[in-house]
J.: 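Quick one: the structure is below, questions incoming.
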Number of protein chains: 2
Amino acid sequence: MPLGYDRAMTAELPSTGSGRLPLRERKKLRTRQALIDTALELFTTRGFSGVTLDELCDAVDVSKRTFFRNFAGKEDVAMAPTQDLWVAFLDELEIHEPDGRPLAEMLQQVLFAALERMTGEGWVRRVLLSRRLAGETPSMDAHGLHFCHRTSRTALATLHRRFHFAAPDDLRPQLALDLLVSAFHCALDRWTSRPGTPTRSDLAADLREAFAALPGSLTLTVDLRA
Amino acid sequence: MPLGYDRAMTAELPSTGSGRLPLRERKKLRTRQALIDTALELFTTRGFSGVTLDELCDAVDVSKRTFFRNFAGKEDVAMAPTQDLWVAFLDELEIHEPDGRPLAEMLQQVLFAALERMTGEGWVRRVLLSRRLAGETPSMDAHGLHFCHRTSRTALATLHRRFHFAAPDDLRPQLALDLLVSAFHCALDRWTSRPGTPTRSDLAADLREAFAALPGSLTLTVDLRA
DNA sequence: ACAGTTATGCCACTGAGTGGCATAAGCGCG
DNA sequence: CGCGCTTATGCCACTCAGTGGCATAACTGT
């Protein structure tokens, strides 16, 4: 039973009746959460490359071997908050009922629904720390980009499984997903650089704004500077 | 003077009168090119992780230290062909004259112009090898994604420097660039999985098709499967 | 030919990530 | 309650990517 658990979010776990899960699972989730929070804290104060995995594992009182059973790599632990959102997105996509509106709008709705699910008040803070770190850590940014890319591929498979498309090799569904991801990143960047401590509804507002800007991005015209 | 240069592309360098460059520069470019081609060959036959940098450097008869003066990392050397295209894209963007058509179309034109510049007949083969490797090597894919992302940021700065926008924080230029990149990747994926040995004009065709699909990606509607 | 610049080679080192195996913690069952 | 069964964890040794310092060799201009 590792130390450092005290501060390290016993608070977040009971989010939705975790009393159901067996003790072993709960412990696993606790270590995972402790690693995420300690990592975000250490990386934020001393920089991503200023903290070794050994130090992180020491701080959480866990062996490096255990770390790698929970995360794929050093970047992974710091990107976990955003990844949680996309996992929820995939989940929502499975159960969402279409209403005749364009696919792009449906995907936006699904993303909003996923955002609604991120209930813990700790999530907003974690995403903020995570994104600010990613802004100054190329390898983290690359890792996040790749994760989004893989997620959109998975989502594409879900779309093809659940919905009907005229042509199986139509590029438009894939492009619609990429557009969603692009707008999401634009919104996230803007949200992250807001002064003070932005809230979840701020993020929703930035998202709406980015989605609204999408159609214009194909028609916008420009002139040379005078 | 490293060995392995014989097969290793004295052919590509004189592409545009490299007689102008000083000897030292030519040698540097030769080593660089030799590293790229040998890397693509070794990675293709034995897999990305099946080849150590030491082996690669041995094959090209170069010290590991020299490798890292030419490339930022192991993934970098294998993604060089695609990166060359984007460097040309940025260059074309600097000199392109707008003609009143939408920004998105202009960017597509600029990308086509960059593609025209990839003259060496070796380029097509290299991109093909590189992309097929990226398809089965997550870390390469992540690296490529990140490079495109950074490039689009640079391009955004160029746009703001050269052209006039109503609002300085307008999201649409950024989104237009992301759309371009998404369509490019769609086209590249399709081109890469063509049977046989696809040509440069095949790639141009796939690009046109992907660009044409962009507008529809926002309006496409879907139904549940019967 | 000489002096200045710059790429290269060599060497030692840190730190990420992996595999194997013993141990202990949670779990189900009699 | 105590017993095996499953599974997470810890420990150890190892490979390999990537870095820094410093001496040397290779080009450059005069």
Side-chain angles (χ1 to χ4, degrees), chain A residues 1-5 13 18-35 38-39 42-43 46-79 133 137-140 142-143 146, chain B residues 1-5 13 18-35 38-39 42-43 46-79 133 137-140 142-143 146:
Chain A
M1 57 281 282
L3 301 177
Y5 273 7
L13 289 177
S18 67
R20 298 294 178 84
L21 295 109
L23 174 57
R24 212 193 255 152
E25 298 301 313
R26 275 182 291 160
K27 279 191 115 175
K28 209 174 157 74
L29 283 180
R30 268 211 317 208
T31 20
R32 179 188 155 82
Q33 205 56 53
L35 280 168
T38 313
L42 291 180
F43 292 165
R46 291 155 51 191
F48 181 77
S49 60
V51 182
T52 70
L53 283 185
D54 290 306
E55 289 172 319
L56 172 58
C57 292
D58 264 11
V60 187
D61 237 333
V62 155
S63 81
K64 203 167 57 168
R65 202 75 190 76
T66 297
F67 175 89
F68 282 105
R69 283 193 197 92
N70 283 282
F71 302 98
K74 195 183 179 185
E75 293 81 20
D76 205 40
V77 66
M79 297 302 281
L133 274 169
T137 313
S139 71
M140 270 182 63
H143 189 269
H146 185 242
Chain B
M1 56 287 278
L3 300 177
Y5 272 7
L13 289 178
S18 67
R20 297 296 178 83
L21 293 103
L23 174 58
R24 213 192 253 151
E25 297 301 314
R26 275 182 291 159
K27 278 190 116 175
K28 208 173 157 75
L29 283 181
R30 270 212 316 210
T31 349
R32 181 188 155 83
Q33 205 55 52
L35 281 168
T38 312
L42 290 179
F43 292 164
R46 291 155 50 191
F48 181 77
S49 59
V51 182
T52 68
L53 282 184
D54 290 307
E55 289 172 320
L56 172 58
C57 292
D58 263 11
V60 187
D61 235 336
V62 154
S63 82
K64 203 168 56 171
R65 202 71 188 77
T66 297
F67 174 90
F68 281 105
R69 284 194 194 91
N70 283 280
F71 302 98
K74 196 184 179 185
E75 293 81 20
D76 205 40
V77 65
M79 297 302 281
L133 274 169
T137 312
S139 71
M140 268 181 66
H143 189 269
H146 185 243

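The sequence lines fix the lettering, A, B, ..., with proteins before strands; numbering per chain opens at 1.
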J.: Does B/Thr31 put a side-chain nitrogen or oxygen below 4.0 Å from OP1 or OP2 of C/dT8?
T.: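 It does, given that an N or O in the side chain of B/Thr31 lies less than 4.0 Å from OP1 or OP2 of C/dT8.
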
J.: Side chain of A/Leu53 only, please: which of C/dA16, C/dT8, C/dG26 is the nearest?
T.: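 Nearest nucleotide to the side chain: C/dA16.
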
J.: Can you identify which nucleotide, out of D/dA17, D/dT9, C/dG17, has its nearest atom closest to the A/Lys74 side chain?
T.: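 Nearest to the side-chain atoms of A/Lys74, counting from C-beta on, is C/dG17.
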
J.: Ignoring the backbone of B/Arg69, work out which of D/dT9, D/dG10, C/dT8 is nearest its side chain.
T.: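 From the listed options, C/dT8 comes nearest.
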
J.: In terms of side-chain heavy atoms of A/Glu75, which of C/dC10, C/dG17, C/dT8 is nearest?
T.: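 Nearest listed nucleotide: C/dG17.
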
J.: Please compare A/Ala72 and B/Arg65 by the position of their nearest nucleotide in DNA chain C and report the one closer to 5'.
T.: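 The residue mapped nearer the 5' terminus is B/Arg65.
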
J.: Is any side-chain N or O of B/Thr66 closer than 4.0 Å to OP1 or OP2 of C/dG9?
T.: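 So the side chain of B/Thr66 is within the cut-off, an N or O lying under 4.0 Å from OP1 or OP2 of C/dG9.
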
J.: Would you please test B/Phe68 and B/Leu53 for side-chain contact (heavy atoms from CB on, under 4.5 Å) and show each step?
T.: CA-CA 10 Å; B/Phe68 281 105; B/Leu53 282 184; 3.5 Å; yes

J.: Suppose we call a contact any N or O donor and acceptor under 3.5 Å apart; does that hold for the side chain of A/Arg24 and the base of D/dT6?
T.: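 Pair found.
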
J.: Could you please name the option among D/dA8, D/dT19, C/dG17 that lies closest to any side-chain atom of B/Phe68?
T.: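 For B/Phe68, the side-chain atoms sit closest to D/dT19.
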
J.: Only one of A/Lys64, A/Arg46, A/Lys74 forms a salt bridge (charged side-chain N to carboxylate O under 4.0 Å, His left out) with A/Glu55, so which one is it?
T.: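 One option only clears the test, and that one is A/Arg46.
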
J.: Quick check on C/dG26: is either OP1 or OP2 less than 4.0 Å from any side-chain nitrogen or oxygen of A/Lys27?
T.: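 Answer is yes, contact under 4.0 Å.
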
